[in-house]
Number of protein chains: 2
Amino acid sequence: MGPLDGYLPYLLNRAGARIATAFGEEVRPLGATLQTWRVLAALHERDGRRMGDLSETTSIEVSTLTRLVDNMEKKGLVARRRDAADARAVTLHATPAGRRMTRIILPIAERYEKVALEGFSETEATVLKTALRRLFDNMDGLRKS
Amino acid sequence: MGPLDGYLPYLLNRAGARIATAFGEEVRPLGATLQTWRVLAALHERDGRRMGDLSETTSIEVSTLTRLVDNMEKKGLVARRRDAADARAVTLHATPAGRRMTRIILPIAERYEKVALEGFSETEATVLKTALRRLFDNMDGLRKS
DNA sequence: TGCTATTATTTGCATTTACAAATAACTGGC
DNA sequence: GCCAGTTATTTGTAAATGCAAATAATAGCA
């Protein structure tokens, strides 16, 4: 066990990368990608989010998100709408096809959660999640000025 | 707090993304990127690794790694060498310039470890790291056949 | 109201990324 | 020693990514 194995960002990245890769391969046959799933999941949590909000939530850069949403719109999964209150903003909405896709992927996502946490007690899982939220908050300070 | 906040892959990804972005911005002025750092760190742990080994260690896809290494070689940070024992393989070696870069970035990486784990006790940090290793191992089963 | 500064999103463009196919070299069985 | 199958890396190519600039619209204030 070298120094890397004790380095948190390393452990975090490789765990995330492994889940991401496996999940991506799983949803590809369904015509989805990990990124499209992230958007759909965010809209499932709350529909009609703005682009900027979605970017924050999904950790996808706004300019990347714009083009991702272009594709999802072409596929009929989501629809853009100009925000009535603020015409600068765009809100994104899942279409029936998008919701159908969400219903298909949701159980897969749930399975991944289970597999990832196999052998963890309820408490251990909670502790881990809490730690990840703290970690996320800790990094808030160093964000782009 | 919506459903996403309880979903492990989500928490994992956003924590990783935030660290990655912040770290990337930090090393950019030094002429480095997060990915080049991953390679340098892996070589710092053990020099003369093969491409495939590096790909595993850094979670960078081999074909991506090839081109990343091309760039690093052009910048004089690393050198490829044909493996004496097995001429199919290539081993990668940090050059003096590469080691110099490593010495510069290492303290930054250490600082990030500290910031990320701010407010964590020694025990909590250890528990978290152990959990991330277990999680990584748990995903081993679903890997590409 | 009209102007300036700010905010939300998109677009331009060069780089990075990843799947698949190609290349190169090894291994084991004959 | 030679061939078939396997392993290590690279290359082809299309798509995804991200910074910076452009566009569009709001907000505050003189």
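Within every chain, numbering begins at 1; the chains are lettered A, B, ... in the order of the sequence lines, protein sequences first and strands thereafter. Reckoned from all heavy atoms, side chains included, excluding hydrogens, waters and symmetry mates.
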- Residue pairs, two or more places apart or on separate chains, that pass side-chain hydrogen bond (donor to acceptor under 3.5 Å, both in side chains) and touch residues 95-109 of chain B: none
For nucleotides 7-14 of chain D, which of its nitrogen or oxygen atoms have a protein nitrogen or oxygen under 3.5 Å away, and what is each distance?
residue : atom : partner : partner atom : Å
D:dT7   : O4'  : B:Arg88 : NH1          : 3.3
D:dT7   : O2   : B:Arg88 : NH1          : 3.2
D:dT9   : OP1  : B:Met51 : N            : 3.0
D:dT9   : OP1  : B:Val90 : N            : 3.2
D:dT9   : OP1  : B:Val90 : O            : 3.1
D:dT9   : OP2  : B:Gly52 : N            : 2.6
D:dT10  : OP1  : B:Arg80 : NH1          : 2.7
D:dT10  : OP2  : B:Thr66 : OG1          : 2.9
D:dT10  : OP2  : B:Arg80 : NH1          : 3.1
D:dG12  : N7   : B:Arg67 : NH1          : 3.4
D:dG12  : O6   : B:Arg67 : NH2          : 2.5
D:dT13  : O4   : B:Arg67 : NH1          : 3.2

- Query: So does B:Gln35 get a side-chain nitrogen or oxygen closer than 4.0 Å to the phosphate oxygens (OP1/OP2) of C:dT15?
  - Reply: no
- Can you label the angle between the B:Phe23 ring and the B:Tyr112 ring as parallel, tilted or perpendicular, going by 30° and 60°? perpendicular
- Message: Measuring only between side-chain heavy atoms, which start at C-beta, is A:Glu124 closer than 4.5 Å to B:Arg134?
- Response: yes
- Rounded distance in Å - CZ (A:Arg28) to C1' (C:dA20): 10 Å
- Query: Does the distance from a Lys or Arg side-chain N to an Asp or Glu carboxylate O, for B:Asp140 and A:Arg18, drop under 4.0 Å?
  - Reply: yes
- Under 3.5 Å side-chain donor-acceptor pair for A:Ser63 and A:Glu61: yes
- Under 4.0 Å between a side-chain N or O of A:Asn71 and OP1 or OP2 of D:dA15? no
- Applying side chain to side chain donor-acceptor pair (under 3.5 Å), name anything that partners B:Glu110, two or more places apart in sequence or on another chain. none
- Query: Can you check the A:Ile60 CD1 to C:dT17 P distance for me, whole Å?
  - Reply: 16 Å
- Quickly work out the A:Leu34 CG to D:dA16 P distance and round it to whole Å. 13 Å
- Integer-rounded Å distance: C:dT15 P and B:Met72 CE: 18 Å
